[in-house]
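Report on the structure given below.
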Amino acid sequence: MNLIEDLRWRGLLAQSTDEAALLDSLKKPTTLYCGFDPTAPSLHAGNLVVLLVLRRFQLAGHNPIALVGGATGLVGDPSGKNEERTLNSTEIVEGWVNRIRTQVSSFLDFDAPKNPAQVVNNLDWTSPLSAIEFLRDIGKHFSVNQMLSKDSVSARLEGGGISYTEFSYQVLQSYDFLELYRRNNCTLQVGGSDQWGNIVAGLDLIRRVEQGSGHALTVPLLMKADGTKFGKTAGGSVWLDPEMTSPYAFFQFWLNSDDKDVINFLKVFSFKSHEEILELEKSHNENPGLREAHRALARELTSLVHSEETTQRVEAAARALFGQGELSELDEVTLASALAELPRTTISASEEIPTWVDLLAASGVVDSKSAARRIVKEGGAYLNNEKISGEDFRPSKTDFLCGKYAVLRKGKRDLAAVELA
RNA sequence: GGCGGGUUGCCCGAGCGGCCAAUGGGAGGGGACUGUAAAUCCCCCGGCUCUGCCUUCGAAGGUUCAAAUCCUUCACCCGCCA
């Protein structure tokens with residue numbers, strides 16, 4: 001099975017330029033790229049879809065280039081947005097570029113002897129360009145009529161309007177493709193399906209300026225079975241940065257996938273073989289309660305994004321905290337490492353222990369003390385897995401396991417640790 | 001530049017002098033049922049030193065015993081005209 005067939009099987013093909021020509025060119029090692037704009041300090045789970053496609057291409061022997069949009073990130077892509085973006089300062093974007101560059105790098109192999117990956121920043125070739133050069137050398141090849149017809153632009157013309165800045169985005173992205181075509185003989189760009197217009201604009205530019213040809217491939221926007229956007233939880237986006245989404249939360253995110261989504265997610269994100277996935281699908285259908293597929297998904301992704309060692313730690317923590325066994329039966333080492341994965345507050349042993357409400361608010365599990373009180377009233381408050389009643393409840397020293405730790409819980413799975421120091 | 005319409009809690013959106021912390025929906029949260037799933041049902045959903053108090057309805061002033069609701073100015077958005 002070739003790469004394209006594999007991508008199709010996984011549901012990763014949305015659109016492509018002439019497939020026969022693309023297949024033909026992929027018979028030999030091809031240089032391809034995908035861009036990531038710095039719109040936040042970290043990439044999120046949704047970015048993983050296309051980032052892993054890049055990795056799939058490398059594993060199939062092609063040369064991937066990850067482009068970090070130091071320039072395009074300053075301008076803002078109108079695609080998929082119904083409102084103008086607020087511009088971020090150059091310092092902020094620069095900081096994000098560096099972080100995302102590092103992040104992206106961990107998914108690609110830069111030492112592959114035959115097809116090493118590269119990371120580039122489009123600011124490198126965009127910033128030396130003067131406005132006049134840009135208009136004469138690049139702008140001249142663009143027809144405003146065509147630019148207006150792009151979905152990303154026309155949607156905005158009908159809606160909230162679009163600034164000249166964002167209108168120009170497609171020109172910048174096209175120029176990136178041209179530049180990589182010239183420098184690296186990059187002939188394929190992949191991206192989310194919302195990028196189709198920008199990508200084919202690049203192909204047009206290459207054709208006009210260099211009389212060259214290239215290919216475009218987009219992956220579908222991943223949706224959950226219930227029709228909502230993938231990658232959001234109550235807390236917001238699921239980030240790849242462990243500071244922004246803890247590995248514990250990251251693992252839980254995958255583990256809590258909807259049954260109807262899990263096999264689909266395995267296809268999209270996992271590097272397991274088709275046979276392995278079909279096997280998991282079978283066992284999942286036979287006994288969904290076991291959640292083997294969920295676990296396999298969570299393990300693989302957490303290991304890939306963080307590390308195998310982290311996965312083991314995080315999974316052990318979840319086992320300890322969700323286990324049927326008594327928390328008090330855990331030894332101090334197990335308990336300490338499990339709690340290390342949770343948000344925590346430290347209180348002083350010499351002072352009076354605060355009330356449960358204060359502790360929970362301090363740990364950040366709830367937004368306010370009112371919310372904490374509400375939880376108690378509704379019967380969703382637990383100390384060391386025991387239900388608490390009464391807002392004024394105050395843990396005593398003996399509630400601290402191993403004399404040191406208390407586990408606060410809100411609802412079924414929102415946990416925090418209190419350490420007595 | 002002129003005329004008209006708008007700006008309400010996380011989002012959408014009622015309210016148009018007191019009965020307004022503000023109808024309704026969505027999102028979110030808790031409980032029950034389960035499998036740390038989905039669906040369903042019940043409850044909650046500004047804050048606090050919580051039978052009360054405080055801060056909110058674009059911003060700042062004003063009228064009034066009393067304003068999200070009336071007046072003035074400013075800012076931003078959306079139409080139509082120039």
Would you mind reading off the distance between Leu297(A) atom CG and rU36(B) atom P, rounded to a whole angstrom?
18 Å
The residue among Ile4(A), Leu7(A), Leu217(A) that forms side-chain contact (heavy atoms from CB on, under 4.5 Å) with Leu12(A) is Leu7(A)
Give the rounded distance in Å between these two atoms: NZ of Lys229(A) and P of rC11(B).
16 Å
rU56(B) pairs with, by Watson-Crick or G-U criteria that keep both distances under 3.5 Å:
none
Side chain of Lys260(A) (C-beta onward), nearest among rA37(B), rA38(B), rG47(B):
rA38(B)
Please state the P separation for the pair rA60(B) and rG24(B) - nearest whole angstrom.
29 Å
Hey, does the side chain of Lys369(A) come within less than 4.0 Å of rU49(B)'s phosphate (OP1/OP2), counting only N and O?
yes
Reckon Ala318(A) touches a base, only the sugar-phosphate, or nothing at all at heavy-atom distances under 4.0 Å?
base
Go through rU36(B), rG47(B), rC33(B) for me and flag the one nearest to the Arg374(A) side chain.
rG47(B)
Which heavy-atom pair separates Asn115(A) from His62(A) by the least distance, and what is that distance?
ND2-O, 2.7 Å
Short side-chain N/O contact from Ser257(A) to OP1 or OP2 of rA37(B), under 4.0 Å
no
Between Arg373(A) and rU49(B), is there a side-chain N or O to OP1/OP2 distance below 4.0 Å?
yes
Distance, C1' atom - from rA21(B) to rC57(B), rounded to whole angstrom:
10 Å
Base partner of rA27(B), which must satisfy Watson-Crick or wobble distances under 3.5 Å
none
When rounded to the nearest Å, what value does the distance between C1' atoms of rU49(B) and rC43(B) take?
27 Å
Between rU69(B) and rG18(B) - C1' atom distance, rounded Å
11 Å
Using a cut-off of 4.0 Å on non-hydrogen atoms, how would the nucleic acid contact of Asp258(A) be classed: base, sugar-phosphate, or nothing?
sugar-phosphate
Flag for Ser303(A)-Glu308(A): side-chain donor and acceptor within less than 3.5 Å:
no
To the nearest angstrom, how far is Ile375(A) atom CD1 from rG28(B) atom P?
15 Å
For rA75(B), the Watson-Crick or wobble counterpart (both distances under 3.5 Å)
rU7(B)
Distance between the C1' atoms of rC50(B) and rC65(B), in whole angstroms?
28 Å
Write down the partner of rU40(B) under the Watson-Crick or G-U wobble criteria, each distance required to be under 3.5 Å.
rA32(B)
Closer to the 5' end of RNA chain B via nearest nucleotide, is it Gly380(A) or Leu255(A)?
Gly380(A)
What is the distance from CG of Leu290(A) to C1' of rA37(B), rounded to the nearest Å?
13 Å
With both distances under 3.5 angstrom, what nucleotide forms a Watson-Crick or G-U wobble pair with rU64(B)?
none
Roughly how far apart, to the nearest Å, are rC70(B) and rG25(B) at atom P?
27 Å
Using a heavy-atom cut-off of under 4.0 Å over every strand shown, decide if Gly289(A) touches base, sugar-phosphate, or nothing.
base
Less than 3.5 Å apart, any donor N or O on the side chain of His274(A) or Asp6(A) sitting next to an acceptor on the other?
yes
Of the listed nucleotides rC48(B), rU36(B), rG30(B), the one nearest the side chain of Ser370(A)
rC48(B)
I need the single residue from Leu108(A), Asn63(A), Leu32(A) that forms a side-chain contact (heavy atoms from CB on, under 4.5 Å) with Phe57(A). Which is it?
Leu32(A)
Which base, if any, makes a Watson-Crick or G-U wobble pair with rC80(B), both distances under 3.5 Å?
rG2(B)
Between C1' on rA39(B) and CG on Asp259(A), what's the gap in Å once rounded to a whole number?
11 Å
Ranking rU34(B), rG29(B), rG47(B) by distance to the side chain of Lys410(A), first place goes to rG29(B)
Checking N1-N3 plus N6-O4 or O6-N4 for Watson-Crick, or N1-O2 and O6-N3 for wobble, each under 3.5 Å, the partner of rC16(B) is none
Figure out the NZ/P separation between Lys224(A) and rA38(B), and round it to whole Å.
9 Å
Distance between P atoms of rA39(B) and rC16(B) (Å, rounded):
37 Å
Using the P atom in both, what is the distance from rC10(B) to rA59(B), to the nearest Å?
13 Å
Separation of rG30(B) P from Glu378(A) CD (nearest whole Å)
9 Å
Starting at atom OH of Tyr382(A), determine the distance to atom P of rG30(B), rounded to an integer number of angstrom.
10 Å
Side-chain ion pair, Glu391(A) and Lys369(A), N-O less than 4.0 Å
no
Taking the ring centre of each residue, are Phe269(A) and Phe230(A) less than 6.0 Å apart?
yes
Stacked cation flag Arg56(A) on Phe271(A), 6.0 angstrom / 45 deg:
yes
